[in-house]
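Just below is one structure, and these are the notes that go with it.
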Amino acid sequence: MGRHRTEAGEPTGRSTATGGKGPAGWARLALLALLASVLVALISAGLRSVFWVLAGLAGLALAAVGVWWALAHTGVLRVAGLALSVIAPVTVLALYATADMLVPALCSLALWMMAVVAARNAIAREPAASRREPEPAEAPRHPWILMNPHSGGGKVERFHLVDKARAAGAQVVMLGTGNRDAAELARQAAAEGADLLAVAGGDGTQALVAEVAAKHDLPFMVIPAGTRNHFALDLGLDRDDPAASLDALTDGLELRVDLGFAADRVFVNNASFGTYAAVVGDPAYRGEKVQTALQALPGLLTGPDAPTLRMRAGTTHADGLQALLISNNPYQRAVDLAHPGRRERLDSGLLGVVCVRVANAAQAARMVRGSRSGSLLRLTAETVVVEADTATVPAGIDGEHVLLRAPVVCRTTPGALRVRVPRNRPKAPLSRPAADWPRVARLALGPRVRVAEVSSSGMTAPPRS
């Protein structure tokens with residue numbers, strides 16, 4: 001028998017889409033592009049490039065101050081903030097153009113973006129550790145689907161979901177036809193012998209039914225008939241064609257995904273505390289989101305009743321927080337323009353935690369430094385405790401406003417939910433994580449792993465010279 005070569009840390013196969021470039025190749029390309037972006041600036045302006053970098057950062061900082069004034073104040077300061085958030089970056093661009101630095105700056109930016117894409121490709125092509133693979137699933141005999149006719153501006157009716165679900169052999173129940181809520185209807189369906197629970201609606205309704213499915217160890221199916229449906233997006237489902245999810249009833253795969261808990265409330269996406277949760281709790285928010293937020297934010301950010309939170313996650317403590325987001329698996333970084341608000345996976349067994357503390361314009365300006373500013377903290381944890389000075393804490397659980405008794409213990413239950421998805425999902429789940437530069441550097445510059453030849457008998461031979 002012939003021999004094949006393996007190298008630790010790299011897949012044995014070659015990717016035809018990338019010409020066979022492995023993780024180390026992508027990592028080296030990322031570092032070269034990053035170096036080139038720096039060289040373009042140095043060649044164009046020499047040591048003066050430091051000034052132009054500082055000018056760009058100053059423009060971003062002033063724009064951040066303008067945004068803070070616009071959100072945290074009213075009247076003249078709000079108008080000045082809006083003006084500053086526009087004038088500052090425009091002025092920097094004008095200075096770049098006047099000094100003939102606009103083209104080099106754009107080239108440097110393009111190279112930096114190329115470096116980020118290559119870095120993400122390098123990390124994505126490393127072998128995935130402990131990722132659960134979908135398994136073929138038998139077609140359910142008694143599927144039950146709860147449909148919200150009001151979600152997503154009437155997607156249930158627009159896509160004829162009731163008729164298509166019944167044609168596939170499912171029992172359909174419409175939400176809102178009685179006084180019972182989604183969880184109660186799902187519990188009754190499980191008691192009557194349903195062997196699959198599904199929801200055509202928003203994320204909040206999905207979370208309620210998902211909890212029942214997990215408790216009874218029943219498969220759960222998502223039909224993205226809501227407005228946003230972030231959970232469906234991260235499952236790889238097509239939010240523009242909710243009927244395509246019904247293919248899982250006849251030709252499906254089963255995934256095991258995590259569930260998050262905030263006290264006793266399940267969330268499939270996130271639980272938010274602080275400013276956003278307070279805004280969502282305003283009854284006017286449903287009708288006029290932007291106007292309600294602009295009216296409420298000054299009092300919530302700088303007023304005497306501004307909410308302040310404390311967070312404990314393992315040995316990490318943070319206080320004076322204005323906003324806290326705890327997600328079922330971590331989100332990508334906010335600066336990831338390709339996939340904002342996306343999760344790389346739903347089975348890591350970890351909560352994502354994002355803490356924000358901005359009390360004044362100076363702290364807003366420092367936000368351009370990211371996590372080094374002291375105003376933004378990102379981490380992952382299995383358990384997070386949210387504390388406040390009040391007996392209860394407003395929270396947004398998958399977009400639904402609730403009041404929870406403080407302190408709130410948030411936790412994850414790994415692999416608690418069996419999710420049924422179509423075998424051919426129209427949208428691929430996110431597979432490119434955020435750029436992790438220390439990790440990329442280790443891939444590109446670390447000591448090369450010796451290549452061993454493995455014979456068909458399983459014995460390892462010394463590498464060829």
Side-chain angles (χ1 to χ4, degrees), residues 140 142-178 180-186 188-189 194 196-214 218-255 257 259 266-270 280 286-287 289 328 341-343 346 396-401 417-429:
H142 305 290
W144 177 89
I145 303 177
L146 179 66
M147 297 193 178
N148 187 344
H150 305 295
S151 289
K155 281 186 177 180
V156 168
E157 180 179 357
R158 192 160 68 250
F159 288 91
H160 310 288
L161 296 180
V162 174
D163 294 337
K164 292 178 180 179
R166 287 174 175 164
Q171 177 188 355
V172 177
V173 174
M174 303 300 290
L175 185 63
T177 55
R180 294 179 297 175
D181 63 14
E184 183 181 355
L185 291 168
Q188 179 182 344
L196 179 143
L197 303 180
V199 173
D203 289 322
T205 306
Q206 289 170 10
L208 294 173
V209 177
E211 181 179 12
V212 177
L218 292 174
F220 176 69
M221 193 175 79
V222 174
I223 303 172
T227 304
R228 290 175 292 274
N229 286 121
H230 293 297
F231 187 50
L233 180 63
D234 290 330
L235 286 171
L237 304 177
D238 189 349
R239 297 182 297 178
D240 297 324
D241 184 13
S245 297
L246 293 171
D247 292 343
L249 294 175
T250 54
D251 185 21
L253 299 173
E254 188 169 295
L255 308 170
V257 304
L259 280 181
V266 166
F267 57 91
V268 294
N269 289 322
N270 57 63
V280 172
R286 295 296 177 186
K289 290 182 171 60
N328 177 28
R342 294 289 307 275
R343 289 166 286 183
L346 296 170
I397 307 294
D398 285 336
E400 301 294 329
H401 180 262
L417 185 62
R418 301 165 55 191
V419 179
R420 195 68 57 86
V421 295
R423 184 178 299 273
N424 297 314
R425 281 176 279 176
K427 300 288 185 179

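Note that the structure is predicted; figures quoted are calculated from it, not measured.
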Exercise: identify the closest heavy-atom pair between Glu184 and Asp181 = N-OD1, 2.8 Å
key: Atom of Phe267, atom of Asn328 and distance for their closest heavy-atom approach   = CE1-N, 3.5 Å
message = If I compare all heavy atoms of Arg239 with all of Lys155, which pair ends up nearest, and what's the gap?
response = O-NZ, 3.2 Å
inquiry  = Just verifying a value: how many Å separate Leu246 CG and Met221 CE, rounded to the nearest 0.5 Å?
reply    = 5.0 Å
query = How far does CZ of Arg343 sit from CG of Leu235, to the nearest 0.5 angstrom?
reply = 8.0 Å
key: Approximate separation, where rounding is to 0.5 Å, of Leu146 CG and Gln171 CD   = 10.5 Å
request  = List the atom of Pro140, the atom of Arg420, and the distance in Å for their closest heavy-atom pair.
outcome  = CD-NH1, 3.9 Å
Please report, to 0.1 Å, the donor-acceptor pairs under 3.5 Å made by any side chain of residues 204-214, with sequence neighbours excluded.
from: Gln206; atom 1: NE2; to: Gly201; atom 2: O; distance (Å): 3.1

query = Okay, side chain of Asn269, backbone of Asp398: is any donor-acceptor separation there less than 3.5 Å?
reply = no
remark   = Residue set satisfying side-chain contact (heavy atoms from CB on, under 4.5 Å) with Ala170, at least two apart, ordered chain then number -> Pro143, Ile145, Ala165, Leu249
note = Between Pro224 and Ala232, the two heavy atoms sitting closest are CB-CB, 3.7 Å
inquiry  = Working to the nearest 0.5 angstrom, can you tell me the gap between Asp241 CG and Phe159 CZ?
reply    = 6.5 Å
message = As a test of understanding, state which of Val268, Leu417, Leu255, Asp234 forms a side-chain contact (heavy atoms from CB on, under 4.5 Å) with Leu346.
response = Asp234
task = Verify, without hydrogens or angle tests, whether Asp247 (side chain) and Asn424 (backbone) share a donor-acceptor contact under 3.5 angstrom.
result = no
query = Taking it one step at a time, do Val199 and Phe220 satisfy side chain to side chain contact (heavy atoms under 4.5 Å, CB included)?
reply = CA-CA 8 Å; Val199 173; Phe220 176 69; 3.9 Å; yes
task = Heavy atoms only: give me the nearest Pro219-Glu254 pair and the separation to one decimal.
result = CB-OE1, 4.0 Å
task = Not counting sequence neighbours, which residues clear side-chain contact (heavy atoms from CB on, under 4.5 Å) with Asn270? List them please.
result = Leu325, Ser327, Tyr331
Pairing residues for Arg423 by the side-chain hydrogen bond (donor to acceptor under 3.5 Å, both in side chains) criterion, not counting sequence neighbours = Asp251
inquiry  = Measuring only between side-chain heavy atoms, which start at C-beta, is Leu218 closer than 4.5 Å to Trp144?
reply    = no
Contacts of Ser151 that satisfy side-chain contact (heavy atoms from CB on, under 4.5 Å) - sequence neighbours left out = Asn148
key: Counterpart residues, side-chain hydrogen bond (donor to acceptor under 3.5 Å, both in side chains), relative to Asn229 (two or more places apart)   = none
ask   = Does CD belonging to Gln188 count more than 12 external heavy atoms closer than 6.0 Å?
value = yes
